[in-house]
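Right, one structure below, let's go through it.
Being a predicted model, the structure only gives us computed values, none of them experimental. Just so you know, ligand 1 is whichever comes first in the structure, and atom 1 is the first atom listed for that ligand.
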Amino acid sequence: MSDGRIIVIGGGAAGMMAAGQAAARGAEVILIEKMNRLGSKIAISGKGRCNLTNAGDIADFVKFYPGNGKFLYASLKEFDNQQLIEFFQQYGVKTKIERGGRVFPETDEAEAVVKALKRFLAKTGVKIILGKTVKELILEEKRNGIGLRLTPNREVLKADAVIVATGGVSYPGTGSTGDGYLFAEKVGHKVINPLPSLVPLRTLEQWPKELKGLALKNVEASIWVDGVRKDKEFGEMLFTHFGISGPVILTLSRIASNALQTKKKVEVKINLKPALTTEQLDLRLQRDFNKYHNKQLKNSLEDLLPKSIIPIIVRLSEIQPEKIINQLNKEERKRLCRLLQELSLTVTGTLGMGTAIVTSGGVDVKQINPTTMESRLIKGLYWAGEVIDVDGITGGYNLQAAFSMGYKAGKAAAEYIISTA
Ligand SMILES: Cc1cc2nc3c(=O)[nH]c(=O)nc-3n(C[C@H](O)[C@H](O)[C@H](O)COP(=O)(O)OP(=O)(O)OC[C@H]3O[C@@H](n4cnc5c(N)ncnc54)[C@H](O)[C@@H]3O)c2cc1C
């Protein structure tokens, strides 16, 4: 048993895992959380069901983190998705696998994940302080010298090692308000501009509002910056009163978020019929138009499209909705065809940090050792979780990253304490 004391700042996924892992190795650990409860963000994750990881091959994981995936190699290897699933099983949470390998608690309760982590903290003997905010990291010259100033009464706590797991700056109502970035900058760490990611997009066009609530499955959405296609995603999207959302849009939003910073032109183009080539779609239209040759255009697209989107497509095609199909010329049919495969929207902004699922940006990975999560600048200072400039797509990857980094940081901090005791 070591005499060393580790303080973990932030009782989210990364902080709780870090604290428990450090305590399990014999260190005295204090976990400080500014909210009056632990795991606020976990509790609302996955729409209250918590998609805690993904069942896919861990060797493939890195590519699902557009933000610095390679930084995660070591932590994902040390504490992978199977170990995470076993860990939760051990603490009372059985899991199930859903579409796309998404792993959820069998009971569909995110709160069960928080409870399991609390059991882990209790078992390992972590001291928990709730409702106190760390305001400042105080570095001292000599070893054993990282202090923390807490509010409300400016009390100072000393530690031999500190793990900062304060999260990003998205969904600030859960407690993650970017405090870790301030600590980082104060002690000389570089912070990459935090931006909202996995966030719905606002559009210049107002017609999505008319389709509010319409979810489209099996579409392909591509994102274009200054006329150049940057990425495309296949899956489900949603129209909303402000623009567009849904899984494919959230995934593409990271590129939009970045490009909008430098005032670039951002467009999303939706292919409503991605399984068909242009020629195949044209043939399909011809077939449908033969069938409905005496009908008005507005009444002849129902075999092809959800009912609510038909008036929009017809309006955008600038063809009279009442035009009888057998009077449509080839150019008009081709125009419809193009619209169905390239429904363009101009992106004017994101819905912002308040609704972003993750923050891209954060403490620069170059100044953190990925095999220990220790600062390359300050001995005894560790970082873990979303506070670091790492972000993944939806599917359980962000929580897995937070848990894996937390595991690594907790273990490494304990080993450091023990080796220097
Ligand atoms: C709505 C929503 C749904 C999501 N769903 C999923 C999902 O299903 N699957 C998935 O993989 N990811 C999901 N995510 C993302 C995932 O929840 C986060 O990436 C992950 O929780 C980050 O964990 P963390 O421990 O790094 O940070 P956080 O969970 O943000 O924890 C940081 C903690 O630090 C505390 N704190 C901050 N500053 C201080 C301070 N100064 N002093 C003391 N305490 C402080 C905060 O109160 C907070 O509790 C979702 C996110 C949101 C917003």
Side-chain angles (χ1 to χ4, degrees), residues 7-19 30-54 61 64-65 67 81 84 98 100-105 108 110 113-114 117 128-137 148-152 157 162-184 196-200 247 250 353-360 362-363 373 383-407 409-410:
I7 295 183
V8 181
I9 314 173
M16 284 192 273
M17 183 57 80
I30 302 176
L31 173 63
I32 304 173
E33 165 55 51
K34 66 151 76 148
M35 307 293 277
N36 288 320
R37 56 157 294 165
L38 295 169
S40 301
K41 197 170 266 182
I42 297 176
I44 59 158
S45 67
K47 299 195 171 106
R49 296 170 60 221
C50 187
N51 173 200
L52 63 158
T53 184
N54 195 285
F61 263 49
F64 299 118
Y65 300 91
N81 49 350
L84 183 70
E98 294 193 2
R102 290 169 163 80
V103 177
F104 292 91
D108 287 327
V113 174
V114 181
L117 287 161
I128 300 165
I129 300 177
L130 294 177
K132 288 203 174 179
T133 303
V134 176
K135 278 288 171 196
E136 197 184 347
L137 278 187
L148 301 172
R149 199 181 303 285
L150 305 184
T151 55
L157 286 182
V162 168
I163 302 172
V164 184
T166 47
V169 73
S170 47
Y171 257 79
T174 60
S176 47
T177 49
D179 299 9
Y181 307 146
L182 304 178
F183 305 155
S197 191
L198 299 182
V199 63
L250 296 186
M353 283 299 188
T355 52
I357 289 180
V358 284
T359 308
S360 73
V363 181
M373 308 307 292
W383 302 91
E386 205 180 310
V387 67
I388 299 175
D389 180 18
V390 172
D391 57 283
I393 64 168
T394 56
Y397 300 103
N398 286 297
L399 277 171
Q400 175 71 53
F403 286 127
S404 293
M405 287 189 268
Y407 184 100

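- Atom numbering of ligand 1 starts at 1 in the shown order; those under 4.0 Å from a heavy atom of Asp179 are 38 (N), 39 (C), 40 (C), 41 (N).
- Among all protein heavy atoms, the one lying closest to atom 39 (C) of ligand 1 is Lys34 CE, 3.6 Å.
- Within ligand 1, the atoms closer than 4.0 Å to a non-hydrogen atom of Gly167 are 26 (O), 27 (O), 30 (O), 32 (C), numbered from 1 in the order shown.
- Of all protein heavy atoms, the one closest to atom 49 (O) of ligand 1 is Glu33 OE1, 2.6 Å.
- Contacts of Leu52 with ligand 1, taken as heavy-atom pairs under 4.0 Å, are absent altogether.
- Distances from ligand 1 to the non-hydrogen atoms of Ile42 include no value under 4.0 Å.
- Heavy-atom proximity to Gly385, at under 4.0 Å, picks out these atoms of ligand 1: 26 (O).
- The two atoms that bring Tyr181 and Thr359 nearest to each other are OH-CG2, 3.5 Å, heavy atoms only.
- Comment: Lys34 engages Asp179 in a salt bridge, judged by a side-chain N to carboxylate O separation of less than 4.0 angstrom.
- Contacts with ligand 1 closer than 4.0 Å are made by heavy atoms of both the backbone and the side chain of Asn51.
- The distance from atom OG of Ser40 to atom CD of Glu33, rounded to the nearest 0.5 Å, is 6.0 Å.
- Remark: the backbone N or O of Ala401 is not paired with any side-chain donor or acceptor of Ser404 at under 3.5 angstrom.
- Nearest non-hydrogen protein atom to atom 1 (C) of ligand 1 is Tyr171 CZ, 3.5 Å.
- Of all heavy-atom pairs between Cys50 and Pro105, the closest is O-CD, 3.2 Å.
- Remark: side-chain polar atoms of Asn398 are not paired, donor with acceptor, to backbone N or O of Gln400 under 3.5 angstrom.
- The Tyr397 neighbourhood of ligand 1 comprises atoms 11 (O), with distances under 4.0 Å to a heavy atom of that residue.
- Residue-ligand proximity: Ser40 is placed with every non-hydrogen atom at 4.0 Å or more from ligand 1.
- Residue Ala13 places a heavy atom under 4.0 Å from ligand 1.
- Relative orientation of the Tyr65 and Phe61 rings is tilted, given thresholds of 30° and 60° on the angle between their planes.
- In Thr174, the part holding a heavy atom less than 4.0 Å from any atom of ligand 1 is the backbone.
- Counting heavy atoms closer than 4.0 Å to ligand 1, residue Ser45 contributes atoms from both its backbone and its side chain.
- Listed by atom number, the atoms of ligand 1 under 4.0 Å from Glu386 heavy atoms are 18 (C), 19 (O), 20 (C), 22 (C), 26 (O).
- If you check which protein heavy atom lies closest to atom 25 (O) of ligand 1, you get Ala14 N, 2.9 Å.
- The closest donor-acceptor contact from the side chain of Thr177 to the backbone of Pro172 lies at 3.5 Å or more, if one exists at all.
- From the protein, the heavy atom lying nearest to atom 31 (O) of ligand 1 is Gly12 CA, 3.4 Å.
- Using a 4.5 Å cut-off on side-chain heavy atoms (C-beta onward), Leu399 and Thr53 make no contact.
- For atom 30 (O) of ligand 1, the closest non-hydrogen atom of the protein is Ser176 CB, 3.5 Å.
- The atoms of ligand 1 that sit less than 4.0 Å from any heavy atom of Ile32 are 43 (C), 44 (N).
- For ligand 1, the atoms closer than 4.0 angstrom to any heavy atom of Ala165 are 32 (C), 33 (C), 34 (O).
- Formation of a donor-acceptor pair under 3.5 Å by the Asn54 side chain with backbone atoms of Gly395 is found in this model.
- Summary of contacts: the protein heavy atom closest to atom 42 (N) of ligand 1 is Val134 N, 3.0 Å.
- Arg49 meets the salt bridge (charged side-chain N to carboxylate O under 4.0 Å, His left out) test with Glu98, Asp108; sequence neighbours excluded.
- Nearest residue to atom 29 (O) of ligand 1 from Lys41, Met35, Lys135, Lys132 is Lys41 (criterion: closest heavy atom).
- Among the atoms of Leu399, some N or O lies under 3.5 angstrom from an N or O of ligand 1.
- For the pair Gly392 and Val358, the tightest heavy-atom approach, listed with the atom from each and the gap, is O-CG2, 4.2 Å.
- The shortest distance between side-chain heavy atoms of Arg37 and Val114 falls below 4.5 Å.
- Residues Leu31 and Leu38 have side chains in contact (heavy-atom distance under 4.5 Å, counting atoms from C-beta outward).
- Looking only at protein heavy atoms, the nearest one to atom 50 (C) of ligand 1 is Ile357 CG2, 3.3 Å.
- Close contacts between ligand 1 and Ala402 involve ligand atoms 23 (O) [criterion: under 4.0 Å to a heavy atom].
- In this structure, the side chain of Ser360 does not engage the main chain of Ser197 through any donor-acceptor pair within 3.5 Å.
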